[in-house]
Amino acid sequence: MENSEIARVFYEIADLLEIQGGYRFRIRSYRNAGMVVEGLPEGLKNLFEKDGEDGLKGIPGIGESTRAKIIEMLSTGKCKYHQELLKEMPVGMLEIIKVSGVGPKKAAFVHKELGINTIDELEKAAESGLIQNLPGFGEVSEQKILKGIKDLKARTRQFKLSVVIPVAQSFTQYLRSVPGIIDIVPSGSFRRWKETVGDLDILTTCKDSRPVMDHFVKHPDVREVLSKGETKSTVVLASGLHVDIRVLEKKSFGAALQYFTGSKAHNVALRDRAKRMGLKISEYGVFKERGEVWVVGNKEEDVYKAVGLPWIPPELRENRGELEAAEEGRLPAQLQYSDIKGDLHVHTKESDGAYTLEDMAEAAMKMGYEYIAVTDHSKAVGIAHGLDEARLNAQIRMVDEYNDKLKRQRKKFRVLKATEVDIRGDGTLDHPEGVLKKLDCVVASVHSGFGMGMEEMTNRVIKAVRTGLINIIGHPTGRLINEREPYQIDLEKVLSEAKKYNVAVELNSYPDRLDVNDVHCLLAKQKGVLVAISTDSHSIYHLENMIYGVHTARRGWLEKKDVLNTRSLKELMKVLKGKG
DNA sequence: GCCGTTTTCGGCCCGACTGTTTTCAGTCG
């Protein structure tokens with residue numbers, strides 16, 4: 001059982017208990033356990049196989065009871081307690097509470113009063129006017145439920161970050177024209193550079209909130225206004241994306257930014273810490289618990305300072321140990337965009353890119369890089385016009401000539417002779433050894449047979465690693481965000497093998513991929529495997545996608561030293577030659 | 001159910017908005 005499945009069971013237990021009216025702190029514990037498990041870099045399965053129950057001890061938020069349930073799930077694939085709860089409460093109730101405006105209390109109430117067990121039954125009841133006569137409900141809430149069900153069925157829940165960025169820019173610019181507005185900062189998961197964003201949260205400061213709110217809800221993309229208050233409003237855009245705005249006074253800016261950036265789990269942990277120190281953190285500032293004594297407010301750093309911590313970068317705020325690390329002074333040194341010295345995954349016209357080698361190299365020089373690796377596809381990827389051995393040999397000569405030209409021009413920049421060689425279904429590489437040995441850098445990727453079972457796929461990639469001919473495993477899980485699930489692969493095993501053969505893993509920065517992801521980065525770092533942050537560019541304009549990779553790497557706690565392409569050309573060549 | 005600078009019991013983050021209330025509960029983030 002994967003961590004994500006175990007987390008889902010804990011979330012469902014929390015939801016079921018909540019509908020039953022269970023003890024709220026117990027509910028919180030299960031929900032917290034779900035979040036903790038979800039964010040673990042290493043599989044619980046592996047931890048348990050390695051060290052038994054001891055391997056599961058010391059995970060914050062996992063106590064005796066949840067640990068026992070984890071072990072049960074790892075051993076039997078099931079959790080008895082979870083199944084018993086499901087016997088008492090129909091599984092459809094878990095869907096009902098996802099309807100906006102319907103929480104556990106209301107769900108339990110319609111279940112008890114009308115025998116409603118599923119979303120469809122709730123919809124029928126609302127359509128026939130049965131809901132509005134219930135105590136505590138009315139005509140408005142009945143309509144709200146109907147709309148909530150419709151939205152739930154239609155809504156794409158998560159939007160790729162790259163889709164939300166232009167929206168954030170549009171709103172920022174749009175709000176700028178409101179007189180008296182001071183700060184406009186997109187925060188929330190957007191500011192934490194999460195790969196997908198559920199809602200866009202915009203924090204603003206000004207003296208008078210009304211003109212801001214009035215203007216906000218009139219943005220041309222707004223389809224519907226869900227709520228509009230003095231300090232807080234929510235709209236839905238034509239795309240289905242929800243945008244929240246929060247308006248506060250300037251003196252609260254720092255605390256509000258901290259609060260509004262989240263994550264929720266990070267904030268809960270931070271506020272809990274504050275509470276233990278006799279302080280209270282809210283979006284308005286930090287207060288002494290009894291008297292309303294103002295401690296800080298206008299700078300985010302001051303909020304952390306008030307509880308004895310250094311400022312924590314937004315990308316780390318996921319409650320994955322960053323508070324403890326901050327306290328002990330071992331937060332990772334933030335990887336900078338300027339640390340990146342080159343791009344090791346770039347396509348040209350020879351395969352399925354849109355520009356020539358020279359175009360790509362010039363664009364990379366403009367970005368201040370020292371090198372790029374030209375990694376066109378191999379012949380197995382026919383649709384991309386992949387290169388056979390002869391064409392690759394010709395490209396090698398072309399690169400040599402181009403580099404000679406650069407040398408004559410006394411340019412420091414170099415193009416690396418490289419390939420993105422296909423890992424075939426049987427784990428062999430799609431170019432012969434002879435030609436691969438002539439290259440500076442070999443990226444090896446899977447492009448077919450995505451439906452393979454876990455063991456077969458894992459062995460396939462490991463076989464490629466063991467050839468000693470490759471430097472980097474390209475987009476190691478094959479996922480496309482919101483489009484294609486990752487293929488089944490045991491990344492922990494692959495990474496252990498990669499470590500032995502000095503092979504790096506790619507963090508593919510194409511915003512639809514981000515593959516490996518942030519949690520995998522943590523794992524790679526733990527295993528001592530270098531990460532190559534590359535763009536997989538098919539155009540000169542894709543080179544700038546590097547920014548997504550850098551922030552994803554930050555979310556995975558990577559530092560400059562953990563990233564292969566922060567090396568200078570000379571250092572890089574040393575590492576690349578150490579393969580096998 | 002978890003956890004400990006108020007330690008093995010007694011706490012557990014904080015506030016806004018809405019609809020139904022006539023003072024607040026439920027929901028949400």
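None of these values were measured; they are calculated from a predicted model.
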- P spacing across the pair B/dC17 / B/dT7, given as an integer number of angstrom: 38 Å
Contacts table for residues 54-65 of chain A: side-chain donor-acceptor under 3.5 angstrom, sequence neighbours left out:
| unit_1 | atom_1 | unit_2 | atom_2 | d |
| --- | --- | --- | --- | --- |
| A/S65 | OG | A/K69 | NZ | 3.0 |

- Message: With a 3.5 Å limit on both atom pairs, tell me what B/dT8 is paired to, counting Watson-Crick and G-U wobble, or say none.
- Response: none
- To the side chain of A/Y259, which of B/dC2, B/dG15, B/dG29 is closest? B/dG29
- Distance check: side-chain N/O of A/R271 vs OP1/OP2 of B/dC13, anything under 4.0 Å? no
- Message: Give me the distance, rounded to whole Å, that separates B/dC13 from B/dT5 when you measure between the P atoms they each carry.
- Response: 15 Å
- Message: Between B/dA16 and B/dT22, how far apart are the two P atoms, rounded to whole Å?
- Response: 24 Å
- Message: Closest approach to the side chain of A/D201, judged atom by atom: which nucleotide of B/dG1, B/dT27, B/dG29 is it?
- Response: B/dG29
- Message: One thing to verify: whether A/R192 and A/D518 come together as a salt bridge, which I'm taking to mean a side-chain N less than 4.0 angstrom from a carboxylate O.
- Response: no
- The side chain of A/D244 lies closest to which of these nucleotides: B/dG29, B/dC13, B/dG19? B/dG29
Identify each donor-acceptor pair in which a side-chain atom of residues 130-138 of chain A lies under 3.5 Å from a protein atom, sequence neighbours left out, and give them as a table.
| unit_1 | atom_1 | unit_2 | atom_2 | d |
| --- | --- | --- | --- | --- |
| A/Q132 | NE2 | A/E142 | OE1 | 3.0 |

- Task: Could you work out the separation of B/dT6 and B/dG11 based on their P atoms and round it to a whole Å?
- Result: 14 Å
- Message: If you only use heavy atoms from C-beta on, which nucleotide in B/dC12, B/dT18, B/dG1 is closest to the side chain of A/K144?
- Response: B/dT18
- Message: Does A/V36 reach a base, just sugar-phosphate, or nothing at all? Heavy atoms under 4.0 Å.
- Response: nothing
- Within the structure shown, what part of the strands sits under 4.0 Å from A/K264 by heavy-atom distance: base, sugar-phosphate, or nothing? base
- With A/A7, which residues qualify under side-chain contact (heavy atoms from CB on, under 4.5 Å), at least two apart? A/Y11, A/V37, A/E38
- Message: Mind checking if A/S233 touches a base, just sugar-phosphate, or nothing, with heavy atoms under 4.0 Å?
- Response: nothing
- Message: With rounding to the closest Å, how many angstrom separate the C1' atoms on B/dC2 and B/dT8?
- Response: 12 Å
- Go through B/dC13, B/dC2, B/dC14 for me and flag the one nearest to the A/D272 side chain. B/dC13
- Nearest of B/dC13, B/dG1, B/dC17 to any side-chain atom of A/K275? B/dC13
- Note on the structure: Side-chain atoms of A/K280 come closest, of B/dA16, B/dC14, B/dG1, to B/dC14
- Just to confirm, is there a sub-4.0 Å distance from OP1 or OP2 of B/dT27 to any side-chain nitrogen or oxygen of A/S100? no
- Task: Tell me what A/R24 touches on the nucleic acid: a base, only sugar-phosphate, or nothing, going by heavy atoms under 4.0 Å.
- Result: nothing
- Message: Taking B/dC9 as the reference, what is the distance to B/dC14 when you measure between their P atoms (whole Å, please)?
- Response: 26 Å
- Item | Base B/dC12 paired with A/Y23 side chain (donor-acceptor, <3.5 Å) | yes
- Are A/T231 and B/dC17 close enough that a side-chain N or O sits under 4.0 Å from OP1 or OP2? yes
Under 3.5 Å, which donor-acceptor pairs link side chains of residues 92-110 of chain A to any protein atom two or more places apart or in another chain?
| unit_1 | atom_1 | unit_2 | atom_2 | d |
| --- | --- | --- | --- | --- |
| A/E95 | OE2 | A/K98 | NZ | 3.1 |

- Task: Measure the distance from CZ on A/R26 to C1' on B/dG11 and round it to the nearest whole Å.
- Result: 17 Å
Dump every N/O contact between nucleotides 20-23 of chain B and the protein below 3.5 Å, one line per pair.
| unit_1 | atom_1 | unit_2 | atom_2 | d |
| --- | --- | --- | --- | --- |
| B/dT20 | OP1 | A/G138 | N | 2.8 |
| B/dT20 | OP1 | A/S141 | N | 3.4 |
| B/dT20 | OP1 | A/S141 | OG | 2.9 |

- Query: What does A/L270 touch in the nucleic acid at a heavy-atom separation under 4.0 angstrom: a base, only the sugar-phosphate, or nothing?
  - Reply: nothing
- Query: Who pairs with A/Q488 by side-chain contact (heavy atoms from CB on, under 4.5 Å), at least two apart in sequence or on another chain?
  - Reply: A/M454
- From B/dA16, B/dC12, B/dC2, nucleotide with atom closest to A/F25 side chain: B/dC12
